[in-house]
Structures are given as C-alpha cells and as structure tokens.
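Step one of this worksheet: look at the structure below.
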Amino acid sequence: MRPVSARRTVRLGVCVVATAGLLTAGLAAPAFAQEQSDQLWIQAPGEQKLTPRGSTSEGSPLDIGLYHDNDNFAVTDGRLSVDISGVAGVADVTWPDNCAPTGTTAVCTVPEVPVIGEAYSPQIHLTVRAAEGAELGAKGRITYAAVATGGPDGTLEAPRDSFDTTVSVGSGPDLSLGEITPVKNLQPGVVRTVPFAVTNKGSERSEGLTATFTASYGLDFLTEYAECTYGTTGGDDYAPMSHATCSFDQVIEPGDSFTLPTPLRVALTAHAYAERLDISIAPGNGAADLSDEDNYTIAAFGAVNTADFAAQGARVTGGAGETVTAGLGFRNDGPAWIGNLGSGDPVAAVDFTVPEGVTVTSAPADCAPRTLSGGHYPQRTGAPRYSCEMPYWALPDTTRTLPFQLRIDRVVPDATGRVMLTTGGSTPATFPFDHQPANNTAQLVVNATA
C-alpha cells in the first residue's frame with residue numbers, strides 16, 4: 001500500500017518520507033522513468049471508530065479518493081469498488097450520489113482522477129454509523145478495489161488487497177474540526193482571521209484539547225496565546241516554517257464546542273505566494289479520539305506575487321587534457337518564495353547538455369545522467385546530458401550551485417552547452433509565477449573567443 005495523509009493532503013511539519021515520500025529533495029523518480037510509468041492508488045483511512053447508536057454522533061464521514069502518480073498521463077473514468085459485507089452488524093453505510101450500491105457492494109465513479117497536489121481532495125464521501133445493537137468493541141472491515149482509464153497501457157489498476165478500513169465501535173470523545181475555505185488573490189501584507197471551531201461529537205467529555213498550528217514560510221502569526229509555545233523549523237531537508245503547540249484546559253462535553261480565546265490572525269509576508277496553515281487537534285490528557293479523520297484541516301491562502309527563476313550558466317577555459325570546474329545552477333530572484341508543499345515535487349530541474357569536446361568526470365549527486373534524447377544513461381560520468389532536481393522549495397534570493405568537473409578532450413572554440421530550467425521533461429519550463437522566462441535558459445561556454 002502506498003498511503004498518503006489521512007485528510008486532504010500532506011501535512012506540514014511532519015516527516016512524510018515514511019508515508020508518501022514527499023517533501024524531501026532528490027527522492028523523485030527520474031523524469032525519463034516517470035514519463036513511461038504510472039500507478040493508480042486508493043486513499044482511505046486505515047481505521048474508523050464509531051460511537052454506539054443513540055449517542056450524540058450522527059455518523060462519521062468516511063472520505064475515500066483515487067489518485068495517480070504521473071501527470072504526463074490523463075486518467076479518467078475511475079471506478080472504486082467498495083465492499084461493506086465485513087461490517088454487517090457493526091456499522092451502517094450511507095452512500096453518496098456518485099456510488100451505485102448493490103447489496104453489500106457499491107461502485108463509485110470518479111470521472112477525472114488527479115495526481116496528488118494542493119488541489120487534491122477525496123472524491124467519495126460515505127457516512128458510517130454504528131449499527132443498531134452493535135456493542136462496544138464490535139469490529140469489521142471495509143475493503144476497496146479500483147480501476148481507471150489511462151496510463152501507458154490504457155488501463156490502470158490499484159494494487160489488489162492493499163486498501164481497507166477497519167471499523168470499530170467504542171466510547172470516548174470525538175473532536176471535529178471544521179473545514180476552512182481556501183482564499184485566493186490576496187495581496188502580500190494582508191491580514192486574515194482564520195476560522196477555528198471544534199465540536200465534540202463523541203459520547204464522552206474531552207478534558208481540554210491540544211492544538212498544533214504550522215505555518216508555511218510566507219505566513220506570520222499575529223495572535224499569540226499564553227497556552228501555546230512557539231518556534232520555527234526548517235533547514236537543508238525541509239522548508240522553513242513556524243509552529244505553535246497549544247494546550248487548552250476547557251472541558252468539552254458531548255455536543256459542545258470550543259473556540260479560541262481570541263480570533264487567530266495571520267499576515268501574508270512580502271514573499272508570500274501559495275501559503276497554508278495546517279491545524280490539527282487532539283483530546284486533552286492523552287485521551288484517544290474516536291475518529292481522528294476530522295482532526296486536521298488546512299487554511300490555504302493564495303497571494304498575488306511573482307518569483308523570477310533563472311538558470312545559471314558559466315564560462316570556463318582550459319587546454320586539451322585539463323579538467324575544469326563549471327558552476328552551473330539555479331537561482332530564485334524573488335520576490336516570492338515557491339514551495340510545492342502538497343506534492344513535494346521539485347520546484348524545477350536544471351537540464352544540462354554537455355558541450356562538444358568535453359567529458360563530465362564528476363557530477364553533483366542530485367544530477368541524473370541521461371542520453372541526449374533524455375533516456376537512461378548507465379554511468380554517472382561521461383553522459384551527454386544531465387538533469388538535476390532542485391528541492392521542493394526555493395526561498396527568494398537563493399542560489400543553488402551545481403559544480404560539474406569537465407575534462408577538455410579537445411579544444412573547440414566557443415563550445416556551448418545549454419543550461420535549461422524544466423519541470424522534469426525535455427522542454428523549457430513555463431512557471432505561472434515567473435514573468436521573465438527569458439532567463440530560464442543559459443549557456444556553458446568552453447574556451448570562448450570573445
């Protein structure tokens with residue numbers, strides 16, 4: 001099974017290498033392999049806890065989604081098969097309009113299957129409630145299978161026997177955090193109030209609650225609470241972010257709600273672009289939440305801003321048999337920072353074509369050797385072309401230098417190699433935030449005559 005986060009998209013501030021392989025540099029498959037392969041996946045929670053019939057709960061949402069890996073392919077006509085025979089006597093299921101039930105199974109349709117990213121959300125929304133007479137501790141399993149049209153062979157199938165949800169009946173608090181509508185077209189510097197409302201849908205009181213707020217690099221906390229501790233994280237492996245960890249002692253009875261002492265306000269900084277505030281909650285005193293699927297949400301803010309990405313070329317000089325170092329690379333001239341926080345995809349790749357008369361004797365670790373047409377090249381050195389993936393984020397005024405060692409086999413005056421920014425393919429990239437695309441291509445010139 002290839003899981004993703006339980007609700008909507010990858011969370012900020014967690015190590016997702018073990019879950020989705022995202023938000024780390026250099027882990028994505030080489031573009032030439034990506035262009036030729038694809039896989040369909042099912043997003044479903046591993047477990048769902050229900051309160052007994054007759055409690056305050058009106059049923060729990062069970063959100064399921066389909067997605068695939070490779071945006072080089074259009075994937076359509078997704079069909080998710082759901083089998084609820086394993087929860088007979090444990091839970092009752094209410095089907096949405098895009099599911100056609102027959103007995104204890106249903107086929108649910110997803111007309112367009114997306115890739116994981118900021119815009120992804122589950123497409124199938126079931127409601128599950130404890131069956132009449134189901135006792136505490138009752139347990140069963142819902143299983144899934146899926147197929148879709150698309151991919152390199154015309155049909156995609158999710159791995160068989162890999163996706164299921166264990167449904168159980170229990171007693172305890174069930175905190176539910178309301179979803180927040182994304183806001184777009186905001187100006188840098190604007191201040192926004194973030195909605196925050198928690199309801200206890202469970203059968204027992206919550207002895208307070210803990211809340212964690214994680215803000216992307218382009219957001220600043222303007223409201224601070226005495227119940228919270230604040231800090232920042234980030235570095236070589238993760239984008240910088242701010243976070244607040246809070247513990248509130250207010251008791252939340254079944255059916256009651258909790259709001260923050262004062263409204264939560266954040267400001268978009270001058271370098272804001274696609275920002276998000278990740279919010280998660282949990283019952284206090286270490287109590288387990290009956291259904292934590294709705295314990296997490298994202299407040300997303302889109303800023304009207306630009307970032308100027310540029311390729312960095314070089315000029316080197318040397319005689320036949322000499323080895324020289326060329327510092328190629330990438331830079332973000334701002335003013336915005338860019339982060340692919342949902343997908344973890346590199347913000348760009350530097351594609352380097354080796355000049356005539358030159359052999360690469362050492363290439364940076366993040367650079368994959370290619371044939372001239374972009375296919376697999378079997379050795380690290382001596383390739384005619386290299387593709388170097390950048391991290392999933394780029395701060396303003398950031399330069400990432402890629403030192404290539406080049407042996408000059410023969411002197412070719414003005415030998416030129418192309419240095420080009422791409423998104424993993426073989427053509428120059430166009431970035432929606434970059435209004436100066438001309439500098440996305442540069443040159444490495446060996447033994448220039450002028």
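Heads up: numbering here begins at 1 and tracks the sequence. The shown structure was predicted, so the numbers you read here are calculated from the model rather than taken from an experiment.
Looking at M420 and F352, their side chains never come closer than 4.5 Å, going by heavy atoms from C-beta outward. Contact of the R407 side chain with the V358 side chain is not registered, since no non-hydrogen atoms from C-beta on lie closer than 4.5 Å. Residues T359 and L406 fail the side-chain proximity criterion, which asks for heavy atoms closer than 4.5 Å.
Aromatic ring centres of Y377 and Y386: separated by at least 6.0 Å. Aromatic pair H271/Y217: centroids less than 6.0 angstrom apart. The ring of Y238 has its center no closer than 6.0 angstrom to the ring center of Y392.
Annotation: the span from L328 atom CG to D351 atom CG amounts to 11.0 Å, rounded to 0.5 Å. Atom OG1 of residue T166 and atom CD of residue Q48 lie 10.5 Å apart, to the nearest 0.5 angstrom.
F196 and F213 have tilted rings, their planes meeting at an angle from 30° to 60° on a 0 to 90° scale.
Shortest non-hydrogen contact noted between T223 and P263 is OG1-O, 3.2 Å. Closest approach of V412 and G357 over heavy atoms only: CG2-CA, 4.3 Å.
In the displayed structure, E157 atom CD is contacted under 6.0 Å by more than 12 heavy atoms of other residues, nucleotides or ligands.
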Atom pairs and distances, donor-acceptor, side-chain atoms in residues 443-450, under 3.5 Å, two or more places apart:
from: N447; atom 1: OD1; to: G318; atom 2: N; distance (Å): 3.0
from: N447; atom 1: ND2; to: G318; atom 2: O; distance (Å): 3.0
from: T449; atom 1: OG1; to: D414; atom 2: OD1; distance (Å): 3.3
from: T449; atom 1: OG1; to: D414; atom 2: OD2; distance (Å): 2.6

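Every residue meeting the salt bridge (Lys or Arg N to Asp or Glu O under 4.0 Å) condition with R141, not counting sequence neighbours, appears here in chain and number order: D164.
Between the side chain of H125 and the backbone N or O of P122, at least one donor-acceptor pair lies under 3.5 Å. Between the side chain of N332 and the main chain of L395, a donor-acceptor pair closer than 3.5 Å is present. Of the possible polar contacts, one joining the D289 side chain to the L175 backbone as a donor-acceptor pair under 3.5 Å is found.
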As a quick check of understanding, evaluate side chain to side chain contact (heavy atoms under 4.5 Å, CB included) for I124 and L80, giving each step before the final call. CA-CA 9 Å; I124 300 156; L80 175 76; 3.4 Å; yes
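Annotation: salt bridge (charged side-chain N to carboxylate O under 4.0 Å, His left out) contacts involving residues 180-193, sequence neighbours excluded, are absent.
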